[in-house]
Amino acid sequence: MPPAVIALDGPSGSGKSSTARGVATRLGLAYLDTGAMYRAMTWAVLERGVDVEDAAAVAAAAADVVIVSGTDPQAPTIEADGVDVSGPIRSQRVTDAVSQVSRVPEVRQRLVDLQRDIIAASDGIVLEGRDIGTVVAPDAPLKLYLVADTAARAARRAAEEGRSEAAHVEATAASLQRRDAIDSSRTASPLAKAADALELDTTHLTLDEVVDEVVRLAAKAVPDLGGSTP
Ligand SMILES: Nc1ncnc2c1ncn2[C@@H]1O[C@H](COP(=O)(O)OP(=O)(O)OP(=O)(O)O)[C@@H](O)[C@H]1O
Ligand SMILES: Nc1ccn([C@H]2C[C@H](O)[C@@H](COP(=O)(O)O)O2)c(=O)n1
């Protein structure tokens, strides 16, 4: 039996990571933040002094970067070249460059191969990203596409950073929209809703409500999954 896969995709800040971690914890599954892998690759490419606008240079630099992801939903980890980069990958410098690096087909191929290896080694996993339902795991029995209004996404992200002043919320909204535009328009596996994905608008839902709903859908789509009821 192939491992059960739950695929969560959606634009930046729509709640994928928090939802995926909550669902994986409830269902006793592994968890993979594929965005963290693209961020770790971006960190390593920037460390090598590469211009991220130069796709050939990014592809060459990325070829020997070693990315290692830990899949415990309560303590996920991410390393690049043996360095714990869980902090640095959230810096504005990496956030501003990650969509450029993610456009490069060689980068995507390397990371998709790694993601499929992690799926194959798991006993069931929740993955979140931009191309999980369309490219990484097109046979996943449950695919969800999370969305939320830009204003809600920016307010949540700014609150997480402890910076709810209007100017910062506005700058955060602009950064989210900029990344979504690049991620949706790139040629190589763009951000897209799979034809068989269910769309879930989280704008007016609490995180607990979203997790409950995904666990409910998972129980229907993959009856073998146990999970604790709320
Ligand atoms: N339904 C919700 N209600 C309120 N806050 C939420 C909800 N879902 C997520 N959040 C909060 O919104 C912020 C962004 O969520 P999260 O990091 O899970 O989004 P994401 O889609 O994984 O983002 P990114 O694409 O940037 O990695 C976090 O602070 C999270 O706690
Ligand atoms: N499957 C994925 C996951 C992520 N990316 C790119 C696009 C995002 O802007 C960036 C960072 O992801 P986040 O941490 O915001 O989830 O990584 C991608 O192209 N494919």
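If you're wondering where the values come from, they're calculated on a predicted model, not measured in any experiment. Whatever order the structure lists ligands and atoms in, that order sets their numbers, starting from 1.
- Taking all atoms of both residues into account, the shortest heavy-atom contact from V169 to S164 is CG2-O, 3.7 Å.
- Among K16, R178, M41, R130, the residue whose heavy atom lies nearest to atom 13 (P) of ligand 2 is R130.
- Residue G13 has at least one nitrogen or oxygen atom sitting less than 3.5 Å from a nitrogen or oxygen atom of ligand 1, judged on distance alone.
- For the side-chain hydrogen bond (donor to acceptor under 3.5 Å, both in side chains) criterion with T202, the lone passing option out of K16, E209, R156 is R156.
- Taking a 4.0 Å cut-off on heavy atoms, M37 fails to register as neighbouring ligand 2.
- Within the listing of ligand 2, atoms 1 (N), 2 (C), 3 (C), 4 (C), 5 (N), 17 (O), 18 (C), 20 (N) sit less than 4.0 angstrom from a heavy atom of Y38.
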Between D9 and K193, does a salt bridge (Lys or Arg N to Asp or Glu O under 4.0 Å) hold up when you go through it step by step?
CA-CA 7 Å; D9 289 302; K193 176 175 172 289; over 6 Å; no
I would like to know whether R108 and E106 meet salt bridge (Lys or Arg N to Asp or Glu O under 4.0 Å); could you show each step before the answer?
CA-CA 5 Å; R108 303 203 69 81; E106 291 86 348; over 6 Å; no
Applying salt bridge (Lys or Arg N to Asp or Glu O under 4.0 Å) to R26 and D212, what does each step give before you reach the verdict?
CA-CA 9 Å; R26 285 264 297 274; D212 285 349; 3.0 Å; yes
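- The closest approach between R130 and ligand 1 falls below 4.0 Å for a heavy atom of the residue.
- Those atoms of ligand 2 that come under 4.0 Å of a heavy atom in S99, given as number and element, are 9 (O).
- Which parts of ligand 2 touch T34 is read off a 4.0 Å heavy-atom cut-off, strictly below it: atoms 1 (N), 2 (C), 3 (C).
- Remark: distances from the non-hydrogen atoms of S14 to ligand 1 include one below 4.0 Å.
- Looking at every heavy atom in both residues, G10 comes nearest to R130 through O-CD, 3.3 Å.
- Side-chain atoms of I89 and T42, non-hydrogen and from C-beta on, never get closer than 4.5 Å to each other.
- At least one N/O-N/O distance between S17 and ligand 1 falls below 3.5 Å.
- For the side-chain hydrogen bond (donor to acceptor under 3.5 Å, both in side chains) with T95, the qualifying choice from R178, R179, R39, R90 is R39, the only one to do so.
- Contacts with ligand 1 closer than 4.0 Å are made by no heavy atom of T19, backbone or side chain.
- Judged by the shortest distance from any of its heavy atoms, R153 lies outside the 4.0 Å radius around the atoms of ligand 1.
- The shortest separation from a heavy atom of R90 to ligand 2 is under 4.0 Å, placing the residue in contact.
- Atom 17 (O) of ligand 1 has its nearest heavy-atom neighbour, among R179, R157, K16, R39, in R157.
- Using a 4.5 Å cut-off between side-chain heavy atoms of Ile, Leu, Val, Met, Phe, Trp and Tyr, with links allowed through other members, L142 and V126 fall into the same hydrophobic cluster.
- The shortest N or O to N or O distance between S12 and ligand 1 is not under 3.5 Å.
- Of the protein's heavy atoms, E160 OE1, 3.4 Å lies nearest to atom 28 (C) of ligand 1.
- Within the structure, ligand 2 lacks R103 among the residues with a heavy atom less than 4.0 angstrom away.
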Check step by step if salt bridge (Lys or Arg N to Asp or Glu O under 4.0 Å) holds for R186 and D131.
CA-CA 12 Å; R186 68 178 173 232; D131 60 344; 5.4 Å; no
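- Looking at V147, L207, V211, T202 and measuring to atom 8 (N) of ligand 1, the nearest heavy atom belongs to L207.
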